[in-house]
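In this text the structure is predicted, and so the values were computed from the model without any measurement.
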Amino acid sequence: MTTDPAELLRQRGIQVTAQRLAVLRAVSDEPHITADAVAEAVRGEIGAISLQSVYDALSVLVTEGLIRRIQPAGSPARFEDRVGDNHHHLICRVCGRVVDVDCAVGKAPCLTAHDDNGYQIDEAEVAYWGRCPDCQGKSTAALRSGSRRADAKASQRSRAQSARRTVDRRPKTGDRRPTKRIARTK
């Protein structure tokens, strides 16, 4: 934050409370934080606070433009204090990690609506989905590890089959080779 949190609240005509200050600090300390994580951080700072009070404080701060609410598909709402610019987000499909990325440039994806239908557009929300570097490394390592395990199992099966072929010299079922009969005498 660029200025004192209490002063930010006063500038917007918001009553300064310990809960609102703690919520604002929690969002500032951890970008893309969920409401549950905000509640946990606030409880660690000021003690007991209901989840509803946290939601109420978040709502006031979003409405007044002090924080931004984003909600990636399939994810709980997240809150950040980076407001006033049109930045976007990178979201990992594996671990859910969210990071900021500056505004998209170029032709794709289209950020200027072909037909604004009379709207005064002031924001374009873009979410880039993929796998973060940590998850890419884990999946590559898992593939390598899985490949090594598969190679070892195949080698083990091959050795076992080879051992059975050398040991098992019995005629197979359906084998019509003549067998030598030995007569028994009493």
Side-chain angles (χ1 to χ4, degrees), residues 1-140:
M1 283 187 252
T2 58
T3 183
D4 176 47
E7 186 55 35
L8 282 173
L9 295 175
R10 284 189 202 98
Q11 288 173 358
R12 302 292 173 101
I14 303 170
Q15 181 181 1
V16 178
T17 65
Q19 292 89 349
R20 288 181 181 149
L21 290 172
V23 166
L24 198 51
R25 278 191 290 273
V27 172
S28 178
D29 290 346
E30 187 180 331
H32 314 115
I33 190 170
T34 64
D36 288 339
V38 169
E40 188 176 314
V42 170
R43 287 180 188 126
E45 182 180 334
I46 66 170
I49 185 172
S50 71
L51 190 55
Q52 185 59 52
S53 294
V54 170
Y55 276 110
D56 291 345
L58 288 167
S59 179
V60 166
L61 297 172
V62 167
T63 300
E64 293 300 322
L66 292 174
I67 62 174
R68 181 178 176 192
R69 179 184 188 271
I70 62 167
Q71 187 162 6
S75 173
R78 296 171 180 267
F79 300 89
E80 64 182 352
D81 70 342
R82 184 174 171 185
V83 295
D85 69 346
N86 194 25
H87 72 279
H88 308 301
H89 298 96
L90 297 166
I91 306 162
C92 180
R93 290 185 187 280
V94 179
C95 68
R97 181 175 162 199
V98 179
V99 296
D100 290 335
V101 63
D102 288 330
C103 190
V105 295
K107 295 181 180 178
C110 297
L111 296 177
T112 303
H114 176 71
D115 180 1
D116 64 13
N117 291 297
Y119 282 69
Q120 181 182 1
I121 299 171
D122 58 19
E123 181 179 10
E125 188 170 303
V126 176
Y128 299 96
W129 291 86
R131 290 183 302 154
C132 70
D134 291 343
C135 290
Q136 288 177 54
K138 289 176 187 173
S139 65
T140 300

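Contact between Leu21 and Ala6 at its shortest, heavy atoms only, is CD2-N, 3.5 Å. Annotation for Val42 and Ala26: closest pair CG2-CB, 4.5 Å, computed over non-hydrogen atoms. Nearest heavy atoms, Ala39 versus Ile49: O-CG2, 4.4 Å. Of all heavy-atom pairs between Leu24 and Pro5, the closest is CD2-CB, 3.9 Å. Between Ala77 and Arg69 the shortest heavy-atom distance is CB-NH2, 3.4 Å. Contact between Val83 and Gly65 at its shortest, heavy atoms only, is CG2-O, 3.4 Å.
One finds the NE2 atom of His32 at 3.5 Å from the NE2 atom of His89 (value rounded to the nearest 0.5 Å). Remark: Phe79 CZ to Ile70 CD1 distance equals 9.5 Å, nearest 0.5 Å. Atom CD of Glu30 is separated from atom CZ of Arg78 by 9.0 Å, given to the nearest 0.5 angstrom. With values rounded to the nearest 0.5 angstrom, Leu58 atom CG is found 9.0 Å from Ile33 atom CD1. Note that the CG atom of Asp81 and the CZ atom of Arg68 stand 11.5 Å from one another [nearest 0.5 Å]. To the nearest 0.5 Å, the span separating CD on Gln136 from SG on Cys92 amounts to 8.0 Å.
Checked against Val60 for a side-chain contact (heavy atoms from CB on, under 4.5 Å), the options Val23, Leu66, Ile67, Ile14 give a single hit: Ile14.
In this structure a side-chain-to-backbone donor-acceptor pair under 3.5 Å is missing from His87 to Asp100. Under the 3.5 Å distance criterion, the side-chain polar atoms of Arg20 are matched with a main-chain donor or acceptor of Gln15. In this structure, the side chain of Arg131 does not engage the main chain of Arg93 through any donor-acceptor pair within 3.5 Å. A donor-acceptor pair is defined here as one N or O able to donate and one able to accept, closer than 3.5 Å; such a pair exists between the side chain of Thr63 and the backbone of Ser59.
The environment of Glu40 atom CD is sparse: at most 12 non-hydrogen atoms of other residues, nucleotides or ligands sit within 6.0 angstrom. At most 12 non-hydrogen atoms from other residues, nucleotides or ligands lie less than 6.0 angstrom from CZ of Arg97.
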task: Would you check, one step at a time, whether the test side-chain contact (heavy atoms from CB on, under 4.5 Å) holds for Gln52 with Asp56?
output: CA-CA 6 Å; Gln52 185 59 52; Asp56 291 345; 2.8 Å; yes
